[in-house]
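One structure below.
Protein chains get the first letters and strands the later ones, always in sequence-line order, with residue 1 at the start of each. Computed from a prediction, not measured in an experiment: that's the story for all the values here.
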Protein chains: 4
Amino acid sequence: MAIQVEQAKLDLVESLAAQGLVTDPLSAKGRLLAKAAKLFRAKGYERTTVRDIAAEVGIQSGSIFHHFKSKDEILKAIMEEVIVYNMHRMRKLVDEADTARNALLALICCELDAVNGLTGNAMSVLVYEWRSLSEDKQRFILGLRAEYEALWSETMQYALDEADQTADVFVLRRLLTGALSWTTTWYDTNGKLSINELAEEALKLVIKE
Amino acid sequence: MAIQVEQAKLDLVESLAAQGLVTDPLSAKGRLLAKAAKLFRAKGYERTTVRDIAAEVGIQSGSIFHHFKSKDEILKAIMEEVIVYNMHRMRKLVDEADTARNALLALICCELDAVNGLTGNAMSVLVYEWRSLSEDKQRFILGLRAEYEALWSETMQYALDEADQTADVFVLRRLLTGALSWTTTWYDTNGKLSINELAEEALKLVIKE
Amino acid sequence: MAIQVEQAKLDLVESLAAQGLVTDPLSAKGRLLAKAAKLFRAKGYERTTVRDIAAEVGIQSGSIFHHFKSKDEILKAIMEEVIVYNMHRMRKLVDEADTARNALLALICCELDAVNGLTGNAMSVLVYEWRSLSEDKQRFILGLRAEYEALWSETMQYALDEADQTADVFVLRRLLTGALSWTTTWYDTNGKLSINELAEEALKLVIKE
Amino acid sequence: MAIQVEQAKLDLVESLAAQGLVTDPLSAKGRLLAKAAKLFRAKGYERTTVRDIAAEVGIQSGSIFHHFKSKDEILKAIMEEVIVYNMHRMRKLVDEADTARNALLALICCELDAVNGLTGNAMSVLVYEWRSLSEDKQRFILGLRAEYEALWSETMQYALDEADQTADVFVLRRLLTGALSWTTTWYDTNGKLSINELAEEALKLVIKE
DNA sequence: CATGAATGAGTTTTCATTCAT
DNA sequence: TATGAATGAAAACTCATTCAT
């Protein structure tokens with residue numbers, strides 16, 4: 001089953017790349033973005049030099065500017081694409097869920113996977129390198145995040161209604177956001193605890209049976 | 001009561017300063033640390049220049065180096081002092097608590113206050129500027145954090161036992177860490193929700209009645 | 001008459017192009033030179049990139065190097081051709097003049113037209129981008145300019161003799177050079193003052209009736 | 001007499017420096033401006049690197065930015081100060097002149113001296129490096145030039161009236177501007193022709209006896 | 001001939017840190 | 001202690017030029 005999930009993710013990337021919504025991860029530009037995300041996450045945006053990125057990709061530093069006008073254009077691209085990609089993935093999973101509880105579980109699972117899986121570097125960058133983005137680019141990314149959060153709020157409210165629970169969705173989502181995004185600092189993908197199990201734990205923070 | 005709490009905090013600072021464990025916040029050095037924390041939080045460590053800090057304090061950039069050997073010594077001092085201070089505060093509150101549940105509530109309350117109150121800037125810096133610290137200084141701060149986390153684990157375990165709940169304390173504490181530290185990005189000190197109420201909400205994530 | 005003059009200029013270009021002395025302005029290379037001259041004049045040689053020129057012509061930057069070995073080869077060609085062309089034109093007009101005064105007037109007229117007419121961009125480049133040329137190319141262009149100046153000195157001397165005036169031709173020509181070439185900064189081709197009228201004004205600086 | 005003139009110039013600089021209108025040429029900043037002007041004139045603004053200037057002054061390239069925020073701030077300062085200085089000098093000479101003819105002669109003399117004397121480098125830069133200035137700085141300098149030109153127009157008109165000549169002052173001043181500024185390319189300060197003699201020649205271009 | 005990705009040397013600029021005063 | 005000019009290493013970015021396709 002895990003293999004099916006992974007295949008579905010690859011199919012989605014391919015389809016989004018074909019539509020020009022994200023960069024093909026196999027292209028020169030796509031590899032550059034992946035390496036940059038890795039470095040930005042590990043060292044932080046400011047402490048990562050353009051030369052570092054170039055060295056990681058195996059090109060000369062000047063060549064970077066063939067693909068991106070500036071260093072912070074790279075940062076923006078990383079953030080934009082990771083939102084676009086996860087947004088599409090979440091929408092699909094929510095649509096396929098049979099109950100509101102399961103839709104919320106799918107979102108949690110998806111966000112945990114986003115943070116700890118293949119897009120983990122990009123998600124960390126999105127969360128922790130926010131202030132390194134120029135103001136106008138921040139506004140642009142903020143617009144995308146708003147859409148993303150709208151999906152969360154809606155799904156969460158449905159799940160609470162279904163469980164006959166009342167709670168402040170605004171507060172609850174934010175507590176959960178912190179809990180889930182923080183997993184990047186401690187969750188071990190190769191450890192005993194699977195993403196699905198962790199997701200169940202996290203769901204319990206919200207929905208009490 | 002709130003006034004009493006605030007007074008207690010000031011007394012603690014004074015007492016710690018007298019022991020040389022933290023810098024007197026009214027001294028030149030103390031004001032420098034506060035301003036630096038504010039700037040590091042707002043702009044990030046790397047994007048904050050020594051000149052920025054000097055300007056904020058009202059001195060010349062060269063003068064900073066009479067107080068601190070280097071820029072990252074400032075960062076270390078901010079992190080060290082905020083841990084030392086909150087550690088002492090938490091120990092006292094845990095000792096005074098009548099039940100394990102209340103001890104845990106006190107910790108949560110204290111961490112929320114640390115993150116959103118007077119030491120908010122320093123706490124944010126501690127969490128988000130971690131990688132800007134040189135490796136040897138990271139190790140030093142890590143030692144302090146270990147003590148801090150030990151207090152948390154212990155208290156949490158007592159509270160779970162008391163409530164006849166079983167859970168993975170390791171996982172639970174980390175989910176909570178994320179949830180609480182993330183409040184810095186959204187919690188409004190002057191809003192309707194008080195720190196105590198928020199703490200009660202957060203406690204519910206852990207202890208189910 | 002104006003049309004005849006314009007036609008004569010086109011005929012001259014055609015004839016020089018046929019002899020390989022200048023580049024046919026309708027050819028790809030010729031259009032490149034014209035666009036480059038326009039940009040060099042507007043922005044200066046250094047601030048004009050090879051990409052700017054390529055974009056203006058509608059080709060890719062790499063393709064430029066099929067026409068010219070280097071960027072400063074373009075600059076040299078612009079300078080060389082504008083001298084060659086105007087030199088030929090002046091020789092013809094001097095030969096056709098009935099009096100020395102009129103020969104000088106023809107030269108003035110021709111230089112004003114060179115500076116403000118079709119070759120205005122190239123002439124500006126010749127005057128103001130001089131130092132951007134590599135030393136050996138400067139020497140080459142200097143040789144051409146010497147010929148050009150010889151024609152001026154000779155004609156001027158004849159005109160002064162004819163008018164029974166004595167003056168330092170060296171100084172006078174240089175004062176005039178400055179006055180005429182500076183017109184590029186203020187003379188309005190579409191204004192009330194015609195080139196011929198302006199030439200008469202300029203002639204008065206030299207020959208007093 | 002020449003020595004008196006030179007002394008008067010030095011006195012003026014000193015007085016303007018004391019008022020903060022120009023930079024003291026003996027200060028570090030003043031020497032930097034002089035060297036930069038020399039290099040900008042010789043090689044052009046773009047081909048002169050900040051390192052070139054630093055080397056000429058005998059400091060490190062980074063130190064330049066202690067005195068000027070950017071390279072083009074240096075260019076602006078050169079242009080601004082040379083106008084301010086010559087403006088003051090001209091105003092004084094015009095005020096002291098007994099006839100309108102002599103006032104105009106003084107202006108010509110002063111401009112020739114500005115172009116060929118101590119401020120020759122700066123004047124050349126003002127004329128030939130114009131486009132290297134950022135647009136907003138161009139506007140600022142343009143304001144100063146307008147004042148400068150107003151003084152010229154006025155004085156020229158008086159001189160023409162006094163000589164019972166009619167002429168287009170606009171055209172005449174521009175022809176003269178070109179003639180005078182171009183002297184920088186050929187006039188030899190140590191040659192036989194003195195500035196005063198050259199000024200008399202130039203005056204003849206305007207006022208016919 | 002044309003393309004356009006890649007090069008790599010060179011540019012301006014930044015900034016923590018030093019040190020003579 | 002405080003100052004602020006000077007340092008110098010390192011940063012992001014530019015761009016003429018090359019070359020495989």
Side-chain donor-acceptor distances from residues 31-40 of chain B under 3.5 Å, at least two apart:
residue	atom	partner	partner atom	Å
Lys38(B)	NZ	Glu56(B)	OE2	2.9

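- With sequence neighbours excluded, the residues satisfying side chain to side chain donor-acceptor pair (under 3.5 Å) with Ser132(D) are Arg47(C), Glu46(D).
- For the side-chain contact (heavy atoms from CB on, under 4.5 Å) test, residues two or more places apart in sequence or in another chain that qualify with Gln19(B) are Ser15(B), Leu16(B), Leu21(B).
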Which atom pairs, one a donor and one an acceptor, fall under 3.5 Å between side chains of residues 59-67 of chain C and the rest of the protein, sequence neighbours left out?
residue	atom	partner	partner atom	Å
Ser63(C)	OG	Gln60(C)	O	3.4

Fill in the dot-bracket string of DNA chain E, one character per base: . for unpaired, | for a pair to another strand, ( ) or [ ] for pairs within the strand, taking Watson-Crick or G-U pairs under 3.5 Å.
-> .||||||||||||||||||||
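- Applying a 4.0 Å cut-off to non-hydrogen atoms, none of the residues of residues 35-43 of chain C approaches DNA chain F.
- Near-neighbour residues of DNA chain E inside residues 72-79 of chain D, defined by a heavy atom below 4.0 Å, are absent.
- Of the options Lys29(C), Glu81(C), Glu80(C), a side-chain hydrogen bond (donor to acceptor under 3.5 Å, both in side chains) to Thr23(C) is made by Glu81(C) and by none of the others.
- The existence of a salt bridge linking Lys137(B) and Glu73(B) is confirmed by a sub-4.0 Å separation between a basic side-chain nitrogen and an acidic carboxylate oxygen.
- Asp24(A) pairs by the side chain to side chain donor-acceptor pair (under 3.5 Å) definition with nothing, not counting sequence neighbours.
- The interatomic distance linking Arg31(B) (CZ) with dA2(F) (P) rounds to 10 Å, in whole Å.
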If the sugar-phosphate is the primed atoms plus P, OP1 and OP2 and the base is the rest, what is the B/S/- string for nucleotides 4-12 of chain E, using protein heavy atoms under 4.0 Å?
-> BBBBB--SB
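- Scored by the ring-ring contact (aromatic ring centres under 6.0 Å, His included) test, Tyr128(B) finds Tyr128(A) as partners (sequence neighbours excluded).
- The heavy-atom pair separating Leu133(D) from Gln138(D) by the smallest distance is O-NE2, 3.1 Å.
- With hydrogens and angles ignored, the 3.5 Å screen pairs a side-chain donor or acceptor of Lys71(A) with a backbone N or O of Thr48(A).
- By the side chain to side chain donor-acceptor pair (under 3.5 Å) test, Asp52(C) is found to be paired with Lys43(C), Thr49(C), residues two or more places apart in sequence or in another chain being considered.
- For the side chain to side chain donor-acceptor pair (under 3.5 Å) test, residues two or more places apart in sequence or in another chain that qualify with Glu129(B) are Arg131(A).
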